[in-house]
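For this chain, numbers begin at 1 and follow the sequence in order.
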Amino acid sequence: MDALKNFDGAYWRDLFDSRVGKTTWPYGSGVWSKKEWVLPEIHPDDIVSAFEGNSNLFWAERFGKHLVGMNDLWVKHCGISHTGSFKDLGMTVLVSQVNRLRKLNRYPLVAVGCASTGDTSAALSAYCASADIPSIVFLPANKISMAQLVQPIANGAFVLSIDTDFDGCMKLIREVTSELPIYLANSLNSLRLEGQKTAAIEILQQFDWEVPDWVIIPGGNLGNIYALYKGFKMCQELGLVDRIPRLVCAQAANANPLYLHFKSGWGTDFKPVNATTTLASAIQIGDPVSIDRAVYALQKSNGIVEEATEEELMDAMAKADSTGMFICPHTGVALAALIKLRKSGVIGPSDRTVVVSTAHGLKFSQSKIDYHSKAIPEMASRFANPPVEVKADFGSVMDVLRNYLRDKPPK
Ligand SMILES: Cc1ncc(COP(=O)(O)O)c(C=O)c1O
Ligand SMILES: N[C@@H](CCOP(=O)(O)O)C(=O)O
């Protein structure tokens, strides 16, 4: 930081803005266009990048106006990315460093490994495959989506399907990487957070360096909420902006250890929980490795933790999709938290608010299929939009359409 402070805020703003939209290697990446803040020493030839980042900061006009009475609601689509989740931002940094270490031949690195609820393993396997580095992933059996599972398989990772949950996989990978020369790729490794923090810098850049009032992020292992905080804080400390947004971490009620800790007033000792099944499957985590980082970030940003039930998160996802988005259930958790915070008045109608969307909805399509076919037990699926089956003749089709159009007068 002292070295970075040799240059003022205007210098950094201009430097980062000058790289937007460029393909000069490696500055076409939303991560490596901030190389000096991420991993300054690495040579560009060692960088493993898919030009990740630079994701769409989408004005959620219709969801904002019609569902939460806001005109300044935005969704940062970090899931519109190479492997379909925000994990690419951190994985490019970690795999680049491993690539560099292997070339130095100083460390007996035989592979890179992670425990995963799906998206970390997808990102790790893709970036390792790109650099011809062996990858090993520990997955909780039958607890991730098919789309998530096929990614490491297709990318050539060594995939272990383990009869436990994510927390069990995380315990095992920590034990294994302390015994074997396998490099740990989970966000316990801070290299991941150095990449993920650039989403915060992008958000400020996309607002022309104006600071939003709120940023809402779904939380599981809790590395990302800290990474976003670090990105905002670096921008403040280096003079690019004069304040940071208030952060909200949104959790599934079925996997809500941070929420319970927050509601206890950040009581003396954090207690992990036994995370139970949630349709926001990627955050079914009861013993998050970055709990201390997340508490620090929330305390330093006057932050809040909210939770969402299964019905609340799925309804929020369905409503968001009905406004033209196609979000994952985890973004549904964040939007459900927003709805609650608007109802309680904590977030005001004119507050500029960003919801971080962490994965593409296509990775979790089965949950959407189940919702819209009303196949989720004990869930009303109020906004289900099932297809209408109709005989293949003109008369039957016209009858269905006349019925559908009857209460839709032309505008
Ligand atoms: C799609 C998705 N959203 C949100 C999260 C939560 O991120 P973190 O684990 O950094 O809290 C994860 C991973 O945990 C994820 O895969
Ligand atoms: N949801 C994550 C869980 C692991 O998170 P990490 O940031 O510690 O790798 C996943 O996609 O595996």
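- The pair R19-E36 meets the salt-bridge criterion, with a side-chain N (NZ, NE, NH1 or NH2) lying under 4.0 Å from an Asp/Glu carboxylate O.
- One N or O on the side chain of S96 and one on the backbone of T92 form a donor-acceptor pair closer than 3.5 Å.
- Within the 4.5 Å cutoff, the side chain of T358 has no heavy atoms near those of the I283 side chain.
- In this structure, D45 places its CG atom where more than 12 heavy-atom neighbours from other residues, nucleotides or ligands lie under 6.0 Å away.
- K103 NZ: more than 12 foreign heavy atoms inside a 6.0 Å radius.
- A side chain to side chain donor-acceptor pair (under 3.5 Å) with K34 is found for one member of E194, E202, Q205 and no other, namely Q205.
- When I162, N186, T164 are each tested for a side-chain contact (heavy atoms from CB on, under 4.5 Å) with F138, only one passes: I162.
- No side-chain donor-acceptor contact under 3.5 Å links R246 to the backbone of I304.
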Stepwise, does the side chain to side chain contact (heavy atoms under 4.5 Å, CB included) test hold for Y404 with V388? CA-CA 10 Å; Y404 169 71; V388 175; over 6 Å; no

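- Taken to the nearest 0.5 Å, the CZ atom of R192 stands 4.5 Å off from the OG1 atom of T120.
- Nearest heavy-atom pair across L160 and I136 is CD1-CG2, 4.1 Å.
- No side-chain heavy atom of P272 sits under 4.5 Å from any side-chain heavy atom of P257.
- Once rounded to the nearest 0.5 Å, the distance linking CD1 of I216 with CG of L73 reads 7.5 Å.
- Of all heavy-atom pairs between R342 and I347, the closest is NH1-O, 2.8 Å.
- Of all the heavy atoms in S33 and Y27, the pair that sits closest is CB-O, 3.5 Å.
- Two residues are said to be in side-chain contact when any heavy atoms from C-beta on lie closer than 4.5 Å; L139 and S161 fail this criterion.
- Judged by a 6.0 Å distance limit and a 45° cone about the ring axis, K76 is not positioned over the six-membered ring of F86.
- Put simply, the side chain of K340 gets close to the backbone of E307: a donor and an acceptor are under 3.5 Å apart.
- Between F166 and K143, every side-chain heavy-atom pair lies at or beyond the 4.5 Å cut-off.
- With hydrogens and angles ignored, the 3.5 Å screen pairs no side-chain donor or acceptor of Q151 with any backbone N or O of A123.
- Within a 6.0 Å sphere centred on NZ of K391, other residues, nucleotides and ligands contribute 12 heavy atoms or fewer.
- No donor-acceptor pair under 3.5 Å is formed between the side chain of D46 and the backbone N or O of Q97.
- The shortest heavy-atom contact between L240 and G9 is CG-O, 3.8 Å.
- In this structure a side-chain-to-backbone donor-acceptor pair under 3.5 Å is present from E311 to A380.
- No side-chain donor-acceptor contact under 3.5 Å links K368 to the backbone of D321.
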Check the pair W37 / F16 against side chain to side chain contact (heavy atoms under 4.5 Å, CB included), numbers first and verdict last. CA-CA 11 Å; W37 287 24; F16 294 161; 3.6 Å; yes

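- Counting heavy-atom neighbours within 6.0 Å of D132 CG, excluding the residue itself, gives a total of 12 or less.
- A side-chain contact (heavy atoms from CB on, under 4.5 Å) with W12 is found for one member of D8, D14, L15 and no other, namely L15.
- In this pair, Y296 and Y226 present their aromatic rings tilted. The plane angle is within the 30 to 60° band.
- For P152 against Q148, the heavy-atom pair with the smallest separation is CD-O, 2.9 Å.
- L193 has its side chain within reach of R293: a pair of non-hydrogen atoms, C-beta onward, lies under 4.5 Å apart.
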Worked check of side chain to side chain contact (heavy atoms under 4.5 Å, CB included) between V211 and L204: CA-CA 6 Å; V211 182; L204 295 176; 4.1 Å; yes

Would you check, one step at a time, whether the test side chain to side chain contact (heavy atoms under 4.5 Å, CB included) holds for L279 with F364? CA-CA 9 Å; L279 287 158; F364 301 91; over 6 Å; no

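- The ring of F63 has its center no closer than 6.0 angstrom to the ring center of W74.
- Between the side chain of T276 and the backbone N or O of N254 there is at least one donor-acceptor pair closer than 3.5 Å.
- Put simply, the side chain of W32 reaches to within 4.5 Å of the side chain of I42, judged on heavy atoms.
- Considering only heavy atoms from C-beta on, I203 comes within 4.5 Å of P212 through its side chain.
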As a quick check of understanding, evaluate salt bridge (Lys or Arg N to Asp or Glu O under 4.0 Å) for R352 and E210, giving each step before the final call. CA-CA 10 Å; R352 171 167 282 185; E210 286 182 19; 3.6 Å; yes

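- Atom NZ of K343 has 12 or fewer neighbouring heavy atoms from other residues, nucleotides or ligands inside a 6.0 Å radius.
- The aromatic rings of F270 and H261 stand perpendicular to each other, their planes meeting at an angle above 60°, with 30° marking the opposite boundary.
- The CD atom of E237 sits 4.5 Å away from the CE atom of M1 when rounded to the nearest 0.5 Å.
- Here the OG atom belonging to S116 is positioned 10.5 Å from the CE atom belonging to M170, to the nearest 0.5 angstrom.
- Expressed to the nearest 0.5 Å, how far NZ of K230 lies from CG of N224 amounts to 13.5 Å.
- Within 6.0 Å of CG on D163 lie no more than 12 heavy atoms contributed by other residues, nucleotides or ligands.
- Taken from OG in S367 to CD1 in I376, the straight-line distance is 7.0 Å, to the nearest 0.5 Å.
- Proximity of a side-chain donor or acceptor of D165 to a complementary backbone N or O of D167 within less than 3.5 Å is detected.
- A donor-acceptor distance shorter than 3.5 angstrom exists from the side chain of K363 to the backbone of T83, with no hydrogens or angles considered.
- Looking only at atom types and distance, the side chain of S49 has a donor-acceptor partner in the side chain of E52 under 3.5 Å away.
- Closest non-hydrogen pair, A185 versus C114, comes out as CB-CB, 4.1 Å.
- For the pair W266 and L298, the minimum side-chain heavy-atom distance is below 4.5 Å.
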